[in-house]
*Asks:* 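There's a structure below that I have some questions on.
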Amino acid sequence: MRPDFTGVPELAPLRAPRALDVAERRLRNGLSVLAVRRTGVPLAEIRLRVPFGSTAPSHAARAALLADCVLAGTEQRDRVGFAEALQRYGASLSTSADADRLGFSGSALTTRLADLLDLLAEALTSAAYPARDVARERDRLVERLTIARAQPGVLAHEALGRRMWGDHPYARDLARPEAVSRVSAAQLRALHGERVLPRGASLVVVGSLAPQKALDEVERALGGWRGRPVARPLPQLPTAPALPVQLLDRPGSVQSAMRLGGPALPRAHPDAPALQVANLVFGGNFSSRWVSNIREDKGYTYSPRSSISHHVLGSVFIAAADVATEVTAPALMETTYELSRMATLPVTADELESARHYAVGSLALGTSTQAGLASTLSQLAGVGLGPQFLAEQPHRLNAVSVDDVQRVAAEYLAPAGVLTVVVGDATQVAAPLGRLARLDEG
């Protein structure tokens, strides 16, 4: 018996976001600092973003290992001593790296913010990269990367990046195990001295705190962080060429990993909210058209999803699904059909309203915690946007019309402008796929 949804209430009116109590300061060393009061639990969250892009072929390997080792001891204390200091303060501090930035993420009780900032400053200015710890982390990273590169989804995503961006550093973001295995502790120390620098970096502090006082604490702790970077701008992203479907053979695979992608609009573009809504209608949430088609209706896959990812130099639309080998071609056919519908036919008023509510609600939910707000503001800071953008985004989403969605979908979601990669058993899927599209089997 089918469930009765007639009693589901109407969507509630959208609420205006609450104003943020913020303070900003640029330190003399070039570090930009944003402090935001967010009351609730007595915690402070910090997010530091250091520009870290490079065109060097070995950079992805060195950056990944540096992120794993930068907290492995300083000139003042070893790895255990650094971890014990964090534990003593009830604080956490972690790192990550990608093609754009080196990131530090931490939290502590508000009363321990100064201590957390001191430990962060210690890592930034005197990370030691002990040879023994570097060797241990290098072996772990090689193992993780080897496992990751055996996954068809990872292979498909990387192949799609190469098709979109060629030899651009964005297409080489995932380090290769063999490259990591060649990185030495001395190389990490040199990279840290050359690139872990304050000018152009941004720090966000969010918590139950007085913003101006937080800025003073940051300046006290990080004002002595020194260094002037040498300009190393990444090249602009190339224009993605029109290419046939790429099929990468994975003999015996019981599933095919499908990845489709193309250029999207950056956050600050006037049409970006309309494209965000278009993506949500297509495949960006559980009730979207694509998910309803190949998951709910046909059962081809469990978790298809499309998204828009934002980088410093540009944004990208990605649709990802892992499907059973025998339905690879039908799943791609239905995907192309749904993209064609988005590009040629207007969405309904109900679809538009539902997607807008989802977008505004997700933004509110994602920034409702101190951690979520800090991460969002740090991401915005990376592309030159501030708290005002966050406050205005719900209004931009509410202003999106059916015509806006159709216009941007025709330009960015049309199948002719989307590149496709399939990783699967070529002996099983090549012939059916070849009936749908031209194939590049390599």
*Asks:* Where do F104 and R47 land on the side-chain contact (heavy atoms from CB on, under 4.5 Å) test, with the steps shown first?
*Replies:* CA-CA 6 Å; F104 294 78; R47 301 291 186 272; over 6 Å; no
*Asks:* Whether the side chain of Y170 engages the backbone of L313 through a donor-acceptor N/O pair (distance < 3.5 Å, no angle test) should be reported.
*Replies:*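 Yes; judged by distance alone, with no hydrogens or angles, the pair exists.
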*Asks:* Are the side chains of R79 and R136 in touch, meaning some heavy atoms are under 4.5 Å apart?
*Replies:*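 In short, these two side chains touch, coming nearer than 4.5 Å.
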*Asks:* Would you compute the distance between atom CG of L433 and atom CE of M333 and round it to the nearest 0.5 angstrom?
*Replies:*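 Atom-to-atom, L433:CG and M333:CE are 11.5 Å apart.
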*Asks:* Starting at CE of M342, measure out to CG of L339 and round the result to the nearest 0.5 Å.
*Replies:*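 Going from the CE atom of M342 to the CG atom of L339 covers 8.5 Å.
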*Asks:* What closest approach, in Å, do L209 and V206 show between heavy atoms, and which atom pair accounts for it?
*Replies:*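 Distance-wise, the nearest heavy atoms are CD2-C, 4.4 Å.
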*Asks:* Can you find a side-chain donor-acceptor pair between Q246 and D440 that sits under 3.5 Å?
*Replies:*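 No, no side-chain donor-acceptor contact under 3.5 Å.
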*Asks:* Going by heavy atoms in the side chains, are P387 and L34 under 4.5 Å from each other?
*Replies:*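 Sidechains of L34 and P387: in contact.
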*Asks:* Would you call R112 and D115 a salt bridge, using N to O less than 4.0 angstrom?
*Replies:*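 The answer is yes: the pair qualifies as a salt bridge.
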*Asks:* Assess the residue pair E296 and F286 against the criterion (side-chain contact (heavy atoms from CB on, under 4.5 Å)); give the C-alpha distance rounded to whole Å, side-chain angles, the decisive distance to 0.1 Å, and a yes or no.
*Replies:* CA-CA 10 Å; E296 298 301 305; F286 195 75; 3.6 Å; yes
*Asks:* Does the cation-pi check pass for R267 over F389, that is, NZ or CZ under 6.0 Å from the six-membered ring centre and within 45° of its axis?
*Replies:*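 No, cation not above the ring by the 6.0 Å, 45° rule.
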*Asks:* Going by the rule side chain to side chain contact (heavy atoms under 4.5 Å, CB included), which residues pair with Q187 if we only count those two or more places apart in sequence or in a different chain?
*Replies:*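 With neighbours one apart ignored, the set is R62, V183, S184.
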*Asks:* Who passes salt bridge (charged side-chain N to carboxylate O under 4.0 Å, His left out) against D98, sequence neighbours left out?
*Replies:*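 Checked D98 against salt bridge (charged side-chain N to carboxylate O under 4.0 Å, His left out); matches are R101.
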*Asks:* Please check this pair: side chain of D173 against backbone of A99, looking for a donor-acceptor N/O pair closer than 3.5 Å.
*Replies:*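 Yes, D173 side chain to A99 backbone: donor-acceptor pair under 3.5 Å.
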*Asks:* Would a distance-only check, ignoring hydrogens and angles, find a side-chain to backbone donor-acceptor pair under 3.5 Å from R182 to E178?
*Replies:*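 Checked: pair present.
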*Asks:* Apply side chain to side chain donor-acceptor pair (under 3.5 Å) to residues S202 and R49 and explain how you reach the verdict.
*Replies:* CA-CA 5 Å; S202 60; R49 183 184 181 101; 5.4 Å; no
*Asks:* Mark yes or no for whether T376, through its side chain, and L373, through its backbone, hold a donor-acceptor pair below 3.5 Å.
*Replies:*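 Not a single qualifying donor-acceptor pair exists.
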*Asks:* Relative to the ring of W290, is the ring of F282 parallel (under 30°), tilted (30 to 60°) or perpendicular (over 60°)?
*Replies:*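 Plane angle under 30°, so parallel.
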*Asks:* What closest approach, in Å, do L260 and V418 show between heavy atoms, and which atom pair accounts for it?
*Replies:*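 Closest approach of L260 to V418, heavy atoms only: CB-CG1, 3.6 Å.
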*Asks:* When rounded to the nearest 0.5 angstrom, what distance separates CG in D100 from NE2 in H310?
*Replies:*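 These two atoms lie 12.5 Å from each other.
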*Asks:* Quick one: which of R140, R144, R138 gives a salt bridge (charged side-chain N to carboxylate O under 4.0 Å, His left out) with D68?
*Replies:*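 Going through the options one by one, the only one that passes is R144.
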*Asks:* Mind checking whether L124 and L48 have side chains closer than 4.5 Å, heavy atoms only?
*Replies:*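 Yes, their side chains come closer than 4.5 Å.
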*Asks:* In Å and rounded to the nearest 0.5 Å, what is the CD to CD distance from Q428 to E326?
*Replies:*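 Rounded to the nearest 0.5 Å, the CD-CD separation comes out at 9.0 Å.
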*Asks:* Is it true that a side-chain atom of N285 and a backbone atom of L280 form a donor plus acceptor pair closer than 3.5 Å?
*Replies:*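 At least one qualifying donor-acceptor pair exists.
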*Asks:* Using 30° and 60° as the class boundaries, would you call the ring planes of F52 and H59 parallel, tilted or perpendicular?
*Replies:*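 Tilted, since the angle between the ring planes falls between 30° and 60°.
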*Asks:* Side chains of V422 and L248, heavy atoms from C-beta outward: is any pair under 4.5 Å?
*Replies:*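 V422 does not reach L248 side chain to side chain.
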*Asks:* Over all heavy atoms of both residues, which pair between R77 and A85 is shortest? Give the atoms and the distance, please.
*Replies:*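 Closest heavy-atom pair between R77 and A85: NH1-CB, 3.4 Å.
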*Asks:* Any side-chain to backbone donor/acceptor pair from H192 onto V70? Under 3.5 Å, distance only.
*Replies:*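 Between the backbone of V70 and the side chain of H192 there is no qualifying donor-acceptor contact (under 3.5 Å).
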*Asks:* Keeping D78 on the side-chain end and G81 on the backbone end, is there a donor-acceptor pair under 3.5 Å?
*Replies:*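 Indeed, once roles are kept as given, a pair shorter than 3.5 Å links the two residues.
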*Asks:* Can you check whether M164 reaches I318 side chain to side chain, under 4.5 Å on heavy atoms?
*Replies:*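 They are in contact (side-chain heavy atoms under 4.5 Å apart), so the answer is yes.
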*Asks:* Got a second to check how far D133's CG is from C69's SG, nearest 0.5 Å?
*Replies:*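 If we round to the nearest 0.5 Å, D133:CG and C69:SG are 7.5 Å apart.
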*Asks:* Check whether any side-chain N or O of N29 sits under 3.5 Å from a backbone N or O of W225 as a donor-acceptor pair, and report yes or no.
*Replies:*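 Indeed, once roles are kept as given, a pair shorter than 3.5 Å links the two residues.
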*Asks:* To the nearest 0.5 Å, what is the distance between OG1 (T420) and CG (L160)?
*Replies:*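 T420 atom OG1 to L160 atom CG measures 8.0 Å (nearest 0.5 Å).
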*Asks:* Please lay out, stage by stage, how L145 and R176 fare under the test side-chain contact (heavy atoms from CB on, under 4.5 Å).
*Replies:* CA-CA 7 Å; L145 289 169; R176 294 192 171 276; over 6 Å; no
*Asks:* Tell me whether the count of non-hydrogen atoms from other residues, nucleotides or ligands lying under 6.0 Å of CZ in R226 goes above 12.
*Replies:*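 Enclosed.
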*Asks:* When you measure from the side chain of E24 to the backbone N and O of L215, does any donor-acceptor pair fall under 3.5 Å?
*Replies:*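 Between the backbone of L215 and the side chain of E24 there is no qualifying donor-acceptor contact (under 3.5 Å).
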*Asks:* Ignoring hydrogens and angles, tell me if any N or O in the side chain of R163 forms a donor-acceptor pair with the backbone of V421 under 3.5 Å.
*Replies:*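 Looks like no, no N/O pair under 3.5 Å.
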*Asks:* Yes or no on salt bridge (Lys or Arg N to Asp or Glu O under 4.0 Å) for R172 and D167, after CA distance, side-chain angles and deciding distance?
*Replies:* CA-CA 7 Å; R172 295 185 267 112; D167 196 41; 3.3 Å; yes
*Asks:* Step through the shown structure and confirm whether more than 12 heavy atoms of other residues, nucleotides or ligands are within 6.0 Å of CZ on R88.
*Replies:*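 Counting other residues, nucleotides and ligands, CZ of R88 exceeds 12 neighbours.
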*Asks:* Pairing donors with acceptors under 3.5 angstrom, does anything connect the side chains of N279 and S306?
*Replies:*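 The answer is yes; a qualifying pair exists.
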*Asks:* Hey, is R28 close enough to E219 for a salt bridge, meaning N to O under 4.0 Å?
*Replies:*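 Looking at R28 and E219, the cut-off is not met.
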*Asks:* Do you know the tightest heavy-atom contact between A240 and L419?
*Replies:*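 Shortest heavy-atom contact: CB-CD1, 4.1 Å.
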*Asks:* So do R396 and Q393 actually touch side chain to side chain, heavy atoms under 4.5 Å?
*Replies:*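 A side-chain contact exists here, since the closest heavy-atom pair is under 4.5 Å.
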*Asks:* Mind checking whether Y89 and L116 have side chains closer than 4.5 Å, heavy atoms only?
*Replies:*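 Y89 vs L116: side chains apart.
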*Asks:* Could you tell me which non-hydrogen atom of L439 sits nearest to which non-hydrogen atom of A430, and how far apart they are?
*Replies:*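 So the two residues come closest at CD1-O, 3.3 Å.
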*Asks:* How about R295 and T301: does a side-chain donor come under 3.5 Å of a side-chain acceptor?
*Replies:*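 Note: R295 and T301 side chains miss the donor-acceptor criterion.
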*Asks:* Is K213 paired with E217 through a side-chain N to carboxylate O contact shorter than 4.0 Å?
*Replies:*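 Looking at E217 and K213, the cut-off is not met.
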*Asks:* Going by distance alone, is a donor N or O of one side chain under 3.5 Å from an acceptor N or O of the other, for T74 and E122?
*Replies:*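 Per modelled atom types, T74 and E122 side chains form a pair under 3.5 Å.
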*Asks:* Can you give me the closest heavy-atom contact between S315 and I308, atom names plus distance?
*Replies:*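 Here S315 and I308 meet closest at CB-CG2, 4.5 Å.
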*Asks:* A side-chain contact here means heavy atoms from C-beta on lying under 4.5 Å apart; do L43 and S107 qualify?
*Replies:*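 With C-beta onward as the side chain, the pair stays apart.
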*Asks:* With a 4.0 Å cut-off, would you call D216 and R25 a salt bridge?
*Replies:*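 Between R25 and D216 there is a salt bridge, with a charged N closer than 4.0 Å to a carboxylate O.
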*Asks:* List the steps, then state whether side-chain contact (heavy atoms from CB on, under 4.5 Å) holds for D322 with R259.
*Replies:* CA-CA 9 Å; D322 298 329; R259 299 295 183 269; 3.2 Å; yes
